Protein chains: 2
Amino acid sequence: MELDSGTGVPANIAAAWGLRERPGKGPKPGLTLDGIVQAGIRVAAADGIAAVSMSRVAAEAGASTMALYRYVRAKDELLELMMDAAIGDPPAIDPDAGWRAALTAWAWACREVYLAQPWTLRVPISGPPATPHQLAWMDAGLAALADTSLREEEKLSIILLLSMYVRNEAMVAADMQAAVQAVDTSLDEAIATYGKLLKLLVDPARFPALGRVIAAGVLDRADEPHEEFVFGLERILDGVGLLIAQRAGS
Amino acid sequence: MELDSGTGVPANIAAAWGLRERPGKGPKPGLTLDGIVQAGIRVAAADGIAAVSMSRVAAEAGASTMALYRYVRAKDELLELMMDAAIGDPPAIDPDAGWRAALTAWAWACREVYLAQPWTLRVPISGPPATPHQLAWMDAGLAALADTSLREEEKLSIILLLSMYVRNEAMVAADMQAAVQAVDTSLDEAIATYGKLLKLLVDPARFPALGRVIAAGVLDRADEPHEEFVFGLERILDGVGLLIAQRAGS
DNA sequence: CTGTTCTGTGTACGTTATACGCAGTACTAG
DNA sequence: CTAGTACTGCGTATAACGTACACAGAACAG
């Protein structure tokens with residue numbers, strides 16, 4: 001059977017929920033799914049997602065390469081399981097804080113998880129969220145909007161928008177940090193290098209608006225570390241606030 | 001030399017700007033960089049980015065695998081060049097339309113480019129935008145904000161926020177379309193299947209907010225095709241509008 | 001006790017990117 | 001005109017990858 005217990009749950013998601021049937025016929029399993037997933041996470045944390053090969057994970061777990069395939073259908077499934085395990089559960093959020101404070105806390109927590117484990121940002125997303133911890137984060141985000149008079153559909157859209165934003169912003173931040181560490185320089189210097197590059201390439205006659213940005217010196221120095229994140233977050237929350245006010249008014 | 005003409009321009013970006021020096025000593029090149037890039041684009045458009053291997057592109061270009069390396073430093077560079085060629089130049093936007101209409105048109109155009117060539121969404125971003133067409137799109141976006149009283153720094157942040165949003169939303173849309181085509185079903189049906197899956201997995205006692213969304217039937221049917229995109233876009237532009245009003249007021 | 005079924009493992013295969021060396025070509029210096 | 005040089009396209013070789021498959025042994029059901 002492709003699916004477990006005929007419930008119609010896709011195999012990879014069933015694995016994430018621990019629904020794998022392991023009828024007790026053969027020999028005792030010497031490994032555990034969780035052990036393998038943790039081994040994968042250790043490899044990814046140490047040397048990045050590119051280092052996560054089946055043989056490397058198997059070595060870390062103390063088994064042969066092919067043993068992993070008794071627990072995992074394919075590498076993609078392993079990555080999905082690693083991802084789900086790595087993000088863990090969302091933090092508790094004060095339910096009386098108001099939607100804006102709650103969403104802000106949620107977004108910051110999400111970002112911290114990503115930046116603490118940058119490899120999670122490189123795991124290709126394979127579909128709509130359906131693993132336990134992903135749904136837990138979704139639920140926590142939705143809970144922040146529970147007291148508003150938004151339609152359920154709108155709440156969901158907002159959480160999707162926000163989680164997309166946080167993930168993407170974390171990716172950019174992680175990219176920059178990686179680039180900085182690769183050349184062993186400072187963030188300020190990296191930005192300045194980029195600014196100089198654009199100054200070289202951009203002809204203000206051809207790209208006038210971009211030319212004005214460069215001329216204004218925006219790219220001469222780095223922002224405060226999290227300034228970019230806060231800026232986008234505040235714009236989005238402002239927009240959400242407008243909708244909430246609108247729904248409350250009508 | 002790693003760099004061209006000692007200008008300090010990284011090799012891959014120099015290639016994108018056509019700054020490669022090809023001193024006329026050896027035999028006449030039988031291929032052109034552009035021809036190779038176009039061959040790569042044909043392969044990607046036909047069979048997706050996973051089909052873009054050096055040997056496949058070489059076959060499409062009518063040359064041997066290793067010949068490509070005379071024009072391209074590595075596969076990553078080829079992908080970057082393909083990406084830049086594929087997005088092309090942004091459309092002209094009515095400069096008197098006002099910032100909101102202009103940004104909306106810009107975002108839609110950007111989204112169309114991505115969805116017309118979904119493989120571009122799978123090209124890993126390798127750093128801040130520095131290729132000619134990327135900068136052209138950035139300039140077009142910034143131009144939409146030219147008449148506002150925002151600081152240049154803010155304009156840039158807004159364009160980055162918006163382009164991130166469009167790209168991400170296009171990725172999700174492309175993912176869904178791919179999933180739908182893979183199982184050869186309708187979009188409505190795919191959403192409903194996902195809804196049923198969540199209904200099965202989500203315990204409303206453990207995930208109350210998510211339970212309410214599901215109970216409200218949000219996932220029983222698909223939205224209008226572009227509804228999700230419009231929703232997020234409007235929220236972001238609302239937030240931007242608030243900032244513009246604030247800056248104009250003070 | 002005798003299947004039956006699951007375990008871990010070794011081997012093998014097909015792909016991938018790309019480093020390297022070679023033969024031939026078009027230009028430049030003399 | 002000739003020698004040298006730098007570049008071309010190409011074939012081969014290498015290391016790594018995911019994973020299909022077959023097999024030996026272990027634990028259970030009857």
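All values reported here derive from a predicted model rather than from experimental measurement. Residue numbers begin at 1 in each chain, while the letters A, B, ... track the order of the sequences.
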Completion exercise
Quick tally for nucleotides 22-30 of chain D: nucleotides whose base has a protein heavy atom under 4.0 Å get B, sugar-phosphate-only ones S, the rest -, giving B--BBBBS-
Handout entry: CD-CG distance between A:Glu169 and B:Leu161, expressed to the nearest 0.5 angstrom
Key = 9.5 Å
Handout entry: N/O donor-acceptor pair under 3.5 Å between A:Tyr71 side chain and A:Leu31 backbone
Key = yes
Handout entry: Any donor-acceptor N/O pair, B:Trp119 side chain to B:Ala50 backbone, under 3.5 Å
Key = no
Handout entry: Backbone of A:Ala14 reached by a side-chain donor or acceptor of A:Arg20 within 3.5 Å
Key = no
Problem - Separation between CD1 of B:Ile191 and CZ of B:Arg221, rounded to the nearest 0.5 Å - result: 10.5 Å
Exercise for the section: Test A:Met164 against B:Val172 for side chain to side chain contact (heavy atoms under 4.5 Å, CB included), laying out the working first. Expected result: CA-CA 10 Å; A:Met164 267 172 32; B:Val172 173; 4.2 Å; yes
Practice task
For B:Asp139 and A:Ala209, indicate whether the former's side chain and the latter's backbone hold a donor-acceptor pair under 3.5 Å.
Solution key: yes
Problem - B:Trp17 side chain to B:Ala130 backbone, donor-acceptor under 3.5 Å - result: yes
Problem - First-last contacting nucleotides on DNA chain C - partner chain B, under 4.0 angstrom, heavy atom - result: C:dT16 to C:dT28
Exercise for the section: With DNA chain C as reference, determine whether B:Ser53 or A:Gly62 sits nearer its 5' end, using the nearest nucleotide of each. Expected result: A:Gly62
Problem - Separation between CG of B:Leu79 and OG1 of B:Thr120, rounded to the nearest 0.5 Å - result: 11.5 Å
Practice task
Describe, in one word, how the ring planes of A:Trp108 and A:Phe229 are oriented to each other, choosing from parallel (under 30°), tilted (30 to 60°) and perpendicular (over 60°).
Solution key: perpendicular
Completion exercise
A:Arg56 CZ to D:dG18 C1', in whole Å, measures 17 Å
Detail all sub-3.5 Å separations between protein N/O atoms and N/O atoms belonging to nucleotides 11-13 of chain D.
none

Exercise for the section: Report yes or no: does B:Tyr194 contribute a side-chain atom to a donor-acceptor pair with the main-chain N or O of A:Pro129 at less than 3.5 Å? Expected result: yes
Completion exercise
note: A:Leu68, atom CG; D:dA20, atom P; distance rounded to Å ~ 13 Å
Practice task
Would you kindly give the CG-to-P distance between A:Leu78 and D:dC17, to the nearest whole Å?
Solution key: 14 Å
Practice task
Please state how far atom OH in A:Tyr69 lies from atom P in D:dC17, giving the value in whole angstrom units.
Solution key: 11 Å
